[in-house]
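Computed from heavy atoms alone, side chains included, the values below leave out hydrogens, waters and symmetry copies.
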Amino acid sequence: MTSSAEGRLATSRDAGQTWTLHPESIGQAEALWAGRTSDGQLEIIASVEGQVISTKDAGTTTQTLVQ
């Protein structure tokens, strides 16, 4: 998982051989972490503009964890 210059998330399901660039921008990410939830969803946590956010749908919706 990475973030583009426009703040769009890119994810890979095959260890980086191919990438999917997702349409929603989360803003410029300063730090990223990804892992699986207990029910198997991909959760991405990012530090963006002084906030820590979480998304489980590649940035379509976000939840602010820390402001």
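- Between the side chain of Ser25 and the backbone N or O of Gly27, at least one donor-acceptor pair lies under 3.5 Å.
- The backbone N or O of Thr61 lies less than 3.5 Å from a partner atom in the side chain of Thr55, making a donor-acceptor pair.
- Checked by atom type and distance alone, the side chain of Ser12 pairs as donor or acceptor with a backbone atom of Thr18 at under 3.5 Å.
- Taken from CH2 in Trp19 to CZ in Arg13, the straight-line distance is 12.5 Å, to the nearest 0.5 Å.
- In this structure, Ser3 and Leu32 approach most closely via the heavy-atom pair N-CD1, 3.8 Å.
- With contacts defined as side-chain heavy-atom distances shorter than 4.5 Å, the pair Val48/Thr62 does not qualify.
- Across every non-hydrogen atom of Lys56 and Thr37, the tightest pair is CE-CG2, 3.9 Å.
- Atom-to-atom distance recorded for Asp57:CG and Glu43:CD is 11.0 Å, nearest 0.5 angstrom.
- The two residues Leu9 and Gly59 make their nearest non-hydrogen contact at CD1-N, 4.2 Å.
- The two residues Arg36 and Leu42 have their closest heavy-atom pair at NH1-N, 3.4 Å.
- Note that CD of Gln51 and CD of Glu30 are 10.5 Å apart. Values are rounded to the nearest 0.5 Å.
- Counting heavy atoms from C-beta outward, Arg8 and His22 have side chains that stay 4.5 Å or more apart.
- Cluster annotation: Ile53 is not connected to Trp33 through the hydrophobic network of ILVMFWY side chains, with a link wherever side-chain heavy atoms come within less than 4.5 Å.
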